[in-house]
Each structure stands twice: as structure tokens, then as C-alpha cells.
2 protein chains.
Amino acid sequence: MRILVTGAGGFVGRGLMERLLGGALGFDVDEVIAVDQQLDPSVSWHADPRVTAKTIDFASAELLQVLAARPCDLVFHLASVPGSLAEREPTLGKRVNLEASLTLFHHLAAHRRAAPLRVVFASTVAVYGTVTSHAHGRMDEDHPTSPELSYGAHKLMTEVLLGDLSRRGELDAVSLRLPGIVARPLSSGGHGSAFMSDIFHKVAAAQAYTCPVGAGATCWWMSLGTCVENLIHAALIPSARLPASRVVQLPVLTAQVGQVIDAVAGLVGQAAQVTHAPDDRIERLFGRCPPLHTPRARALGFSSDATLETLARRCLPGLAG
Amino acid sequence: MRILVTGAGGFVGRGLMERLLGGALGFDVDEVIAVDQQLDPSVSWHADPRVTAKTIDFASAELLQVLAARPCDLVFHLASVPGSLAEREPTLGKRVNLEASLTLFHHLAAHRRAAPLRVVFASTVAVYGTVTSHAHGRMDEDHPTSPELSYGAHKLMTEVLLGDLSRRGELDAVSLRLPGIVARPLSSGGHGSAFMSDIFHKVAAAQAYTCPVGAGATCWWMSLGTCVENLIHAALIPSARLPASRVVQLPVLTAQVGQVIDAVAGLVGQAAQVTHAPDDRIERLFGRCPPLHTPRARALGFSSDATLETLARRCLPGLAG
């Protein structure tokens, strides 16, 4: 099987690449075309003979030529410009998150072979806009979309296109709405949700940390390991089981920041040195997530980190390295 | 005020052009740039000195140059490839309904002047897919979208873009979800919903007609006159009153085909000579519309044809001509 991974150099992309090349997948991996604008040559898989690394734009004419000559059996489209950057640089965001995505999928649809190509698209909970607790206290899988960032609007538009191309039998897509994935490398600041990853690093290292949301702030959590398992599962799920929209809201672990801090501190056997200095804007955007009820996604075999301990355990190995 | 109308040569476009040039609008019309791939030189407004007719593609480089040199104060984007044609010719549908629309709106956003430009976009109830009666017997304004035609998917994607460009202050858009508008000229066949217009012509002329849905089939109706009033209203409504999505589901008149036939027959004083030979597919697609509950749109001042007689009366003058 030949697989295309866009955004292979990113946080989720690296995790997926390692998993794809590590075996025990339920399918053979003959070649992975790993595409990103930057690919760190020090990563473990860079020297794997099955990897064809392309440090190019994922919708460049060059990639489209590569794909036309060496058609893929499976595509993971992870590349995107993050929400806050796309908001500051709208031309870049539009080009990558909207236009290049549409170009890539229209190209893959137009150059399809006998069976429609399975495409796994990393969409986002940003399609909902600000999620605050509702009267009934929880949020459902068919919660209306109402993006408040161009990032979310462009992802939503791409979801709609993939649903239509799948209906026409030109592609066989699955759009997964991902929450923020943890624990990303310690940030240099700027991302509003960076605290969700930073607390893992700081607490595990027993370092002092000032958290921009209160201990009671409630967020949606998913470890990289669980995210990658869901991506692989999406590659294998029979299309007949998928909804017509081809959109799946992934299950998430809903938990308070203080609970996550306690779980990490308990696992490493260190006292957490966290103080809370809540920033209203960040708390409103990321810290008031209601419970997310996803029975359809769970019935399809998608999963969240089962417990706080699972989440902490899956996030910590990366911290040692 | 300089106004751009795309699709000016179409059924709705002609009605809008006549209304714009007829005065009593609440604003002065200095120039209308009327764009369509075909413009019939026999229409009344073609010789109006205020009209600049352009028989070109609405996203052609030529039009974008015209707009850059003569910026508009108001845009009505009506042009599209109809659903059934777009389904048969997907490349044409994609180019017009998706790519050219995105290009036009991105261009208008990029070349904006001080105040964001009001854009009225003719969207469609096709964004919902097949609407069948629900357990609670009616459909609400926030009914989930689930397009089953590329036409509906492309319109939905354009709605999402316009919501985002409006949020950013780059445009000031209103997307109106229109039902089928009646009474179009007698069709040469092919459109599944053609019967909705054809019954007006056939009953008014006291001609025999075989209707492809039963007398009890329930449809959403809107006369051209009411549609045009809603388009004009959308041009004038203050943006502060609009929802963040900028999407408005227009109120419709929900009525059975038999009721509409009776209203037309009563108005012209002729007995209707209609027999019904229901086609399951057409009845399922167009004849099982639930009552559509639109209190938000009504509070914004949008309206439906108030009664069956209003609908029939507004549709009949066009039949005489």
C-alpha cells in the first residue's frame, strides 16, 4: 500500500509516521510519501527506505505530478496553518487551509482509479465556534457548526466538499473533528491553548508554572497516541458504516485542568507547582467545554483516552525524550 | 449607487432587474452592471441608460477588471448552474457554483473600500438535502444541512465563506436560502421540480396537464415577486440585525399541489384539467416538504406569499405576456 501523509513534519504527522512505519496495522506499508514544507532530517523515520520525503507545498504542481505517476491507496491530509496564525495571515490561511485542500482533493478525485480513494481528513472542533455549556449540560455529535475563525470555516468547507465527492463516488473520505492534541512540545507562547500541553511538561519536570486558566476550567483532551489510533481506524473503517456527511466528531476526554495536573503529578510522584492566573479570553475560548456526547463515533469504534491516568501516561513518554 | 447583478439574464435575475430599475426602492440606482453568459437584448431594461450589460462569465478576469475600475456599492449574486445540470456536468458545476463564486467574493473582499460591501447571495434549500416530515411535524430554521447534490454542497460552502468574510469585516453578506421560485417559463422538461411552475401555465390556459406528483403532495412555494422583495430587503437590512452566519432561511408558503391548482383555477375562472400520475422519485424529492417554521426570518422582515391567492395572483401576470 502506498500512503500519502501531508503535514508529516507536524506534531500529529510525526506520530502518525512512526505508527505507520512501526507495523501491526492490519495492512502492509510499501511506501509513504511524506509531505511538509519543513521535514526535520533527524526524525527516526527519515532514513526508512519506505519513506519518500517531499519538502514541498502539499498542493504544489510537483506533488500533483508525483501523485499522478505514483497513485496512492490511502491519504492522510493533516497539513494546515493553525487557527491563530491563519487569523493573523489570512492570505496564507486561505491558500493552505482552503484553496490547496480543495485543489488536492479535486485532483485526487479526478485521477481516481477503479475504487474511490480513502482520504482521512484532520478536521477540527473549531467548526463549532465557541462551545459553552448548554442548558441541557452537554453537547451532541450533531451540534450545529458556527466557526468563529477562518481556520474553522475553511475546515468546514473542506468537510462539505469531501462529503459531496464521497457521495459521487469520486473519493471515499472520512473527516475527523479533532480537539487540541497533547502534549505538544513546550511552546514559545502565542497559542491560546498552549497551556493544555505546557502543564504536562512543567508538572512532569516539577517546574513552576503559571496557568492562564483556573483549576476548574474544563477542556477536551486527547493524547497523540489516541489521536493516531483514531486516524488509523478511520483508514480502515468500511465506508458503508460511515454517515453520508463522512464527518465524525471524535470522542474526547472532558476533564478539568486541575484533574489533569493531579494525574500527571501522581504519575511522576512529584508535587505540582502550578499557580492559576486566569485570562478571561483564554478561559472563555478553551476552558468552558461541555461534556461531549459521541455515541455514534464510539459505535464506529473511535475512542478517547479512557481515563485521566491513560491520558497522562500516553503523554509522558514523549517528555522523557 | 452602483449595483452588480450576476445571473441578470435568468428568471430571478430579470425580475430583480425590473424591480431595481423601476424605482421606489429606498435608494437611488445610478448604474446596474448586469452580468450573464447570455443576455436577451429584447428585455425591457436592456436599453436603459443605467444598465451596463456584460455577456461574460461572472468570475472572468474581464469582470474583475471592470469591478476594480468601477467599484460597486451592492452585489446580488444570483448566477449558478442548476442542480440537475450541475450533477450531470460536474466540472461545469464546480467551476461556476464553487470556484467562480469563491473567486468573485475573495476579489470583492480584497478590493473593498472603507465600508464592507453588502453582498446578497442566492443560496438554496438544497443545502438540507431531502426534507421529509419529522416526528415533530415541522422543520426549523436551524435544521442541519446535509446536501445531496453538488449544487447544494457548493452553495453551502459559499455560505460558510461569506459568513467568515463578514465576521472579518471584509464583506457584509446575506445568504438567502431560496425555495424553488415560480412560475418559471414552461419547461422543455428535465427539471424534476418543473411541475411546480408548469401547473400555473397549464391551469391558467385551461390546458390538459399530467402532473408527476399527487394532489396531496406538499411543496414550498414562493412567487418571483415575493422573492424579489426579499432580495431587496436583504440589500437594506442593517448588518447588526443579521445572525453571525449571515444565513437566512426565507419564509415559504407550504401548500399542497391540489390547493395551488384550485387557487389558480379559481382566479382565472376555468376548470383545471389536471390528472395526477405520481412519480415516486419526484414526489420524494419535492412533494414531502414539512411546514417550515421561520420566526427569525419573519422578525427580520422577510416574508412569504401570504396566501394561496397571493401566490396565484403574483404568478399570473407573467403568464399573459
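To find a chain, count down the sequence lines: A is the first, B the second, and so on, and within it residues start at 1. If you're wondering where the values come from, they're calculated on a predicted model, not measured in any experiment.
Both the backbone and the side chain of Ser150(A) come within contact range of chain B, each with at least one heavy atom under 4.5 Å from a heavy atom of that chain. In this structure, chain B has heavy atoms under 4.5 Å from both the backbone and the side chain of Glu87(A). Only the side chain of Leu98(A) has a heavy atom closer than 4.5 Å to any heavy atom of chain B.
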side-chain contact (heavy atoms from CB on, under 4.5 Å) between Glu99(B) and His106(A): does it pass, once the steps are laid out?
CA-CA 11 Å; Glu99(B) 292 168 347; His106(A) 278 135; 4.1 Å; yes
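When every heavy atom of Leu161(A) is checked against every heavy atom of Met157(B), the shortest pair comes out as CB-CE, 3.7 Å. Minimum interatomic distance between Val160(A) and Leu156(B) (heavy atoms only, all atoms of both residues): CG2-CD2, 3.8 Å. The minimum heavy-atom distance linking His154(B) with Asp164(A) is given by the pair NE2-OD2, 4.4 Å.
Residues from residues 72-83 of chain A never place a non-hydrogen atom less than 4.5 Å from a non-hydrogen atom of chain B.
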